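A quick note: this is a predicted structure, and the numbers were derived from the prediction, not measured. In this chain, numbering begins with 1 at the start of the sequence shown.
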Amino acid sequence: MNTAYLDMIQGKNPGVTPVWYMRQAGRSQAEYRKIKEKYTLFEITKEPELCARVTELPVKEYGVDAAILYKDIMSPMVAMNVNVELKAGVGPVFSTPIRSIADVDKLETFDPTKVDYIAKTITLLTSGMLDVPLIGFLRGTVYYCVLPYRRGSNKELQ
């Protein structure tokens, strides 16, 4: 396994500068563009085999030192039964904005079974599919609190 990224985060000298890119899987890849012609982002992320393949694409194509889990940051909202749609050119759009304590009280408790496809994807990737570490990212609590307050995209926050 390529350990350059792991060595770096442990304070060891990896011998090279590890490279990985946010949004590694993307428009620069012909195979990714073909997949996106057929599937939405949410459809990709809910199919573990497909999501694992998309996560692996930049590792194979670019030789990066870490894979970034292909997943949408709205997944936690789905697990709380918040209806969110990703609209092209807009971003996440919520059918019912959360604007009061009463709205917050209506939220369901986070249910990991509603996003079990994430764990399945991670298991596929870490069971020998990748030869580099798998990393993920998340947004802070404020982001998750502010975004559903409006119906539209985070462009409205500017």
Side-chain angles (χ1 to χ4, degrees), residues 1-6 9 18-98 103 106-156:
M1 172 179 268
N2 175 340
T3 62
Y5 175 82
L6 295 176
I9 64 171
V19 175
W20 71 99
Y21 305 100
M22 291 299 292
R23 298 186 177 121
Q24 291 185 146
R27 293 171 278 211
S28 65
Q29 299 171 298
E31 188 173 349
Y32 176 80
R33 287 192 309 271
K34 286 180 189 173
I35 292 169
K36 283 292 286 173
E37 287 173 7
K38 192 172 181 181
Y39 301 97
T40 67
L41 185 143
F42 275 161
E43 288 170 336
I44 294 169
T45 63
K46 290 180 180 179
E47 294 294 328
E49 292 81 13
L50 184 57
C51 188
R53 188 168 127 219
V54 170
T55 299
E56 182 188 39
L57 283 174
V59 175
K60 300 291 185 199
E61 189 168 337
Y62 302 135
V64 292
D65 297 304
I68 296 177
L69 182 63
Y70 186 83
K71 192 65 49 207
D72 186 74
I73 59 173
M74 290 292 103
S75 296
M77 304 307 280
V78 172
M80 295 168 47
N81 218 27
V82 173
N83 186 9
V84 58
E85 179 184 355
L86 297 176
K87 291 195 175 183
V90 177
V93 177
F94 297 83
S95 61
T96 307
I98 301 167
D103 294 335
K106 292 177 193 173
L107 292 175
E108 293 182 14
T109 301
F110 181 86
D111 180 356
T113 64
K114 291 183 179 181
V115 289
D116 65 342
Y117 49 88
I118 297 173
K120 290 175 183 173
T121 302
I122 292 169
T123 298
L124 282 171
L125 290 163
T126 58
S127 297
M129 186 174 187
L130 293 173
D131 62 352
V132 297
L134 176 65
I135 59 177
F137 67 95
L138 56 96
R139 293 281 182 135
T141 306
V142 171
Y143 183 82
Y144 287 112
C145 291
V146 171
L147 198 59
Y149 184 77
R150 309 132 14 268
R151 279 189 198 271
S153 76
N154 56 1
K155 292 176 184 160
E156 291 177 16

TODO: Answer yes or no: is there a side-chain heavy-atom contact under 4.5 Å between Val93 and Val84?
DONE: no

TODO: First locate atom CG of Leu57, then atom OH of Tyr70, and finally report the distance between them rounded to the nearest 0.5 Å.
DONE: 10.0 Å

Open item on the list: Could you go through Asn2 and Asp65, starting from their C-alpha distance and side-chain angles, then the distance that decides it, and tell me whether this counts as side chain to side chain donor-acceptor pair (under 3.5 Å)?
Closed with: CA-CA 7 Å; Asn2 175 340; Asp65 297 304; 2.7 Å; yes

Task: Heavy atoms of other groups near Tyr39 OH, more than 12 under 6.0 Å - done: no

Task: Nearest heavy-atom neighbours spanning Ala66 and Val59 - done: O-CG2, 4.4 Å

Open item on the list: Is there a salt bridge (charged side-chain N to carboxylate O under 4.0 Å, His left out) between Glu49 and Lys120? Walk through the geometry before answering.
Closed with: CA-CA 9 Å; Glu49 292 81 13; Lys120 290 175 183 173; over 6 Å; no

Open item on the list: A side-chain contact here means heavy atoms from C-beta on lying under 4.5 Å apart; do Val132 and Trp20 qualify?
Closed with: no

TODO: Taking all heavy atoms of Thr45 and all of Lys71, pick out the closest pair and write down the distance.
DONE: O-NZ, 2.9 Å

Task: Donor-acceptor under 3.5 Å (Gln29 side chain, Gly26 main chain) - done: yes

- [ ] Rounded to the nearest 0.5 Å, what's the gap from OH on Tyr117 to CG on Leu50? Could you check?
- [x] 13.5 Å

- [ ] Please report the shortest heavy-atom distance between Arg53 and Met129, naming the atom on each side.
- [x] N-CE, 3.9 Å

Task: Cationic tip of Lys34 above Tyr32 ring, under 6.0 Å, 45° of axis - done: no

Task: Separation of Lys46 NZ from Asp116 CG (nearest 0.5 Å) - done: 11.0 Å

- [ ] Quick one: pull up CG in Leu130 and OG1 in Thr126 and give me the separation to the nearest 0.5 Å.
- [x] 8.0 Å

Task: Contact check, side chains of Thr109 and Met80, non-hydrogen atoms, under 4.5 Å - done: no

TODO: Please report the closest heavy-atom contact between Ile135 and Tyr5, naming both atoms and the distance.
DONE: CG2-CE2, 3.3 Å

Open item on the list: Does any part of the side chain of Val19, heavy atoms only, come nearer than 4.5 Å to the side chain of Tyr62, both counted from C-beta?
Closed with: no

Open item on the list: Counting C-beta onward and ignoring hydrogens, is there a side-chain heavy-atom pair between Phe94 and Asn83 closer than 4.5 Å?
Closed with: no

TODO: Search all heavy atoms of Thr55 against all heavy atoms of Ile68 and return the closest pair with its distance.
DONE: CG2-O, 3.4 Å

Open item on the list: Between Glu108 and Val82, is the side chain to side chain contact (heavy atoms under 4.5 Å, CB included) condition met? List the steps.
Closed with: CA-CA 8 Å; Glu108 293 182 14; Val82 173; over 6 Å; no

Task: Side chains of Lys106 and Ile98 in contact at under 4.5 Å (non-hydrogen atoms) - done: no

Open item on the list: When you measure from the side chain of Ser127 to the backbone of Leu124, do you find a donor-acceptor pair of N or O atoms at a distance under 3.5 Å?
Closed with: no

Task: Thr40 side chain vs Glu43 backbone, donor-acceptor pair below 3.5 Å - done: yes

- [ ] Would you mind reporting whether Leu107 and Asn81 have side-chain heavy atoms less than 4.5 Å apart?
- [x] no

Open item on the list: Any heavy-atom pair between the side chains of Pro76 and Phe110 that's under 4.5 Å?
Closed with: yes

TODO: Mind listing the closest non-hydrogen atom pair of Glu61 and Ser28 along with its distance?
DONE: OE2-O, 4.2 Å

- [ ] Step by step, work out the side chain to side chain contact (heavy atoms under 4.5 Å, CB included) result for Leu69 and Ile118.
- [x] CA-CA 9 Å; Leu69 182 63; Ile118 297 173; 4.3 Å; yes

